[in-house]
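One structure below.
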There are 2 protein chains.
Amino acid sequence: MVAEAAGVSKMTASRVLRNEGGFSPQTRDRVLAEVERLGYLPNRIAAVFSGDQKSTFIGVSIPDLGNEVFTHVLEGIDRKLSAFGHQTVLGMTQRVAGEEEKWIGTVLSWQPAGLILTGVSHAPRVQQMLEAADLPVVEIWELSATPFDMCVGLDHEASGRAMGRYLVSKGYKHFGYVGTHHDAANAAAARLSGFGEAVKAGEGRLKKQLLLNDVPGFYTGYYGVEQLLSSAPETEVVFFQNDNMAMGAIQFCQAKGISVPGDLGIAGWGELPIASVLPYRLTTVRVNHLRIGQAAAEKLLLRISGDSVDPVTDVGFQLIEGETV
Amino acid sequence: MVAEAAGVSKMTASRVLRNEGGFSPQTRDRVLAEVERLGYLPNRIAAVFSGDQKSTFIGVSIPDLGNEVFTHVLEGIDRKLSAFGHQTVLGMTQRVAGEEEKWIGTVLSWQPAGLILTGVSHAPRVQQMLEAADLPVVEIWELSATPFDMCVGLDHEASGRAMGRYLVSKGYKHFGYVGTHHDAANAAAARLSGFGEAVKAGEGRLKKQLLLNDVPGFYTGYYGVEQLLSSAPETEVVFFQNDNMAMGAIQFCQAKGISVPGDLGIAGWGELPIASVLPYRLTTVRVNHLRIGQAAAEKLLLRISGDSVDPVTDVGFQLIEGETV
DNA sequence: TTGAAAGCGATACCAT
DNA sequence: ATGGTATCGCTTTCAA
């Protein structure tokens, strides 16, 4: 350690650096002066290694950053974590099956203080690794009654059901859904499931469910609704996987002279900022994405500092009764 | 090391784990079997510490994730890095001045293999720390003729100038600009500067430059253009800080019955996906955000593996002559 | 092909 | 208030 060139033992220097007491003010000043002079930076790798501690890293896995909702979640996480001296180690995994498992192995080898994982379904090996690693884990986005450890999210199926019921209550009979195709059971699938259930219970018909092999963006909504209408022109209202897709659909309708909601009702999900510029309010489901991230980070930090934590947080959702249905 | 319960020394096990040769196939199989059985995960912290190596972390600082362009940059970075066994350690710094310096200190203490920093202006202490740390650094977004180490970005001033010239060539005389306020000299300021220069050279008048204290999003564009028009109604065309703001402005015009480009011309910057749903093409500047991230990661990886690297990459830009001016 | 020993930079523990 | 010593898990070096 360079700072003991200041005439003290490395132990004393270490104590000063960590400000844990047990040194005189003079010593302190002498050490800090040398630190400053030499531009000394502590080696946290060595510290973690030494103390058999965990690092201050938090591994955060999200499907991808292209999806705007997850950037908000991530921002919520990182803001909170960095305020408490932790670092986010990113993992964009869900693009390829099996990536999560690989990523978790890597990130665990860095002795992270905790993990935040998107989704509640993981490979069996992942479960094993997590158990063996014995660290705080928060699963986010979807809700699970039996989380691996902790969980922050919302009941996607209920949100779809709520939207279905609402649309039924508006008198619609012929429903459509446009989303994108996902490999596994996931949140969007749960929404569709709840939606379909409510439609059925309301004696409506979910005539057309379009699952496109594309990303859930504006353009996908644009051509998705076009495709849906051409094959099921009797559709009265369409529920979209997210607001981006709904916005694309609205633009399509505008371009084609289809009046919304007169000719076609449109509902989104997620309440993304883009919808705020419409001259009318988009019917959608509000979810506080940032709050999911913050709550997840908070839970993790509490657990790391040894507090007891309520394992499951339901951040809920709110149906926005807009003017597009 | 647990795996030497397989009857070999830890050295042999270590060699097998790193697959560096110097062991028999039988030994190999025996060790790997134990690794599997015990669910052994290597401790990379110890490895880095031991070898006096760098870690595989790459520190990536970006202003914030709310700004869509940086999420694309980040995605480009992380895709490339993770494909080569590196991990992104996130730093959202620019919200507060001085945060970058603090963050760099922290991240350097983890012995990262390299850094990617947004922007080319850094505090003097940051410069010192980077020099002392002696690691590859890529500055992104803005271009610098004299980067600290390496640099990937584009000439923002030139892009503003190009837009200015183009609008002048379309016969406009009264120009406006709407952006957001930033504390330091930055990319958007450079664009405005180039824009103003071109307008002046074209004998136009940049009557109104609106710098709002807000985030550069849809809604900011919406009320920004409203504010600009009320104080400078003679404005014929407005250049916005980004496409999101331009989109907000277009929605405003639509709501108020202002025809675009008949009554007012609108130009954006950055070519964000949202504009793709307009029934006409937005006049804007195309920048390949993803490519900036990828190129930065590539440069870093090349340098890390000891190759010589061209220090500066200009990813350029392309003026999109749309239908909104 | 294998192993024994030193050491990386910090901290915990025990002494002074 | 201060310092000596062992130690963390792994890699490097040297020897067998």
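Predicted model only: the values in this text are computed from it and were never measured. We name chains A, B, ... by the order of the sequence lines, and we start the count at 1 in each one.
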[X] [atom1] - [N] [atom2] separation (whole Å):
X: B:Lys54; N: D:dC10; atom1: NZ; atom2: C1'; value: 19 Å
X: B:Gln111; N: D:dC10; atom1: CD; atom2: P; value: 18 Å
X: A:Leu17; N: C:dG9; atom1: CG; atom2: C1'; value: 12 Å
X: A:Glu20; N: C:dA12; atom1: CD; atom2: P; value: 7 Å
X: A:Phe49; N: D:dT11; atom1: CZ; atom2: P; value: 11 Å
X: B:Gln26; N: C:dT2; atom1: CD; atom2: P; value: 8 Å
X: B:Asn43; N: D:dT7; atom1: CG; atom2: P; value: 18 Å
X: A:Asp29; N: D:dA1; atom1: CG; atom2: C1'; value: 15 Å

Any donor-acceptor pair under 3.5 Å from B:His86 side chain to B:Thr56 backbone: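 Looks like yes, one N/O pair under 3.5 Å.
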Whether B:Ser55 side chain and B:Gln111 backbone form a donor-acceptor pair below 3.5 Å: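 Answer holds: yes.
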Salt bridge (charged side-chain N to carboxylate O under 4.0 Å, His left out) contacts touching residues 103-130 of chain B (sequence neighbours left out):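 Applying salt bridge (charged side-chain N to carboxylate O under 4.0 Å, His left out) to every pair that reaches into residues 103-130 of chain B, excluding sequence neighbours, yields A:Glu36-B:Arg125, B:Glu101-B:Arg125.
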Side chain proximity check, A:Trp103 to A:Leu117, heavy atoms < 4.5 angstrom: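 Counting from C-beta outward, A:Trp103 and A:Leu117 do come under 4.5 Å.
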Any protein N or O atoms within reach of nucleotides 3-6 of chain D? Criterion: under 3.5 Å, listing atom names and distances.
unit_1, atom_1, unit_2, atom_2, d
D:dG3, OP2, A:Ser9, N, 2.9
D:dG3, OP2, A:Ser9, OG, 3.3
D:dG3, OP2, A:Thr12, OG1, 2.6
D:dG3, N7, A:Arg15, NH2, 2.5
D:dG3, O6, A:Arg15, NH1, 3.3
D:dG3, O6, A:Arg15, NH2, 3.1

Given DNA chain C, 5'-ward residue of the pair B:Ser50 and B:Gly21, judged by closest heavy atom: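 The residue whose closest nucleotide sits nearer the 5' end is B:Gly21.
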Most 5' of A:Phe23 and B:Arg18 on DNA chain D, judged by nearest nucleotide: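 Residue closer to the 5' terminus by nearest nucleotide: A:Phe23.
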Candidate pair B:Phe148 and B:Glu131, rule side-chain contact (heavy atoms from CB on, under 4.5 Å), full reasoning: CA-CA 9 Å; B:Phe148 174 78; B:Glu131 271 157 29; 3.8 Å; yes
Residue A:Asp307 excluded, over 12 heavy atoms near CG under 6.0 Å: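 Yes, CG of A:Asp307 has more than 12 neighbouring heavy atoms, counting only those of other groups under 6.0 Å.
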Phosphate-side-chain proximity, A:Tyr40 and C:dA10, N/O vs OP1/OP2 below 4.0 Å: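 For A:Tyr40, the contact criterion (side-chain N or O under 4.0 Å from OP1 or OP2 of C:dA10) is met.
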Side-chain N or O of B:Ser14 closer than 4.0 Å to phosphate OP1/OP2 of D:dT11: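 For D:dT11, OP1/OP2 do have a side-chain N/O of B:Ser14 under 4.0 Å.
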Distance (rounded to the nearest 0.5 Å) between B:Ile45 CD1 and A:Arg44 CZ: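 CZ of A:Arg44 is found 9.0 Å from CD1 of B:Ile45.
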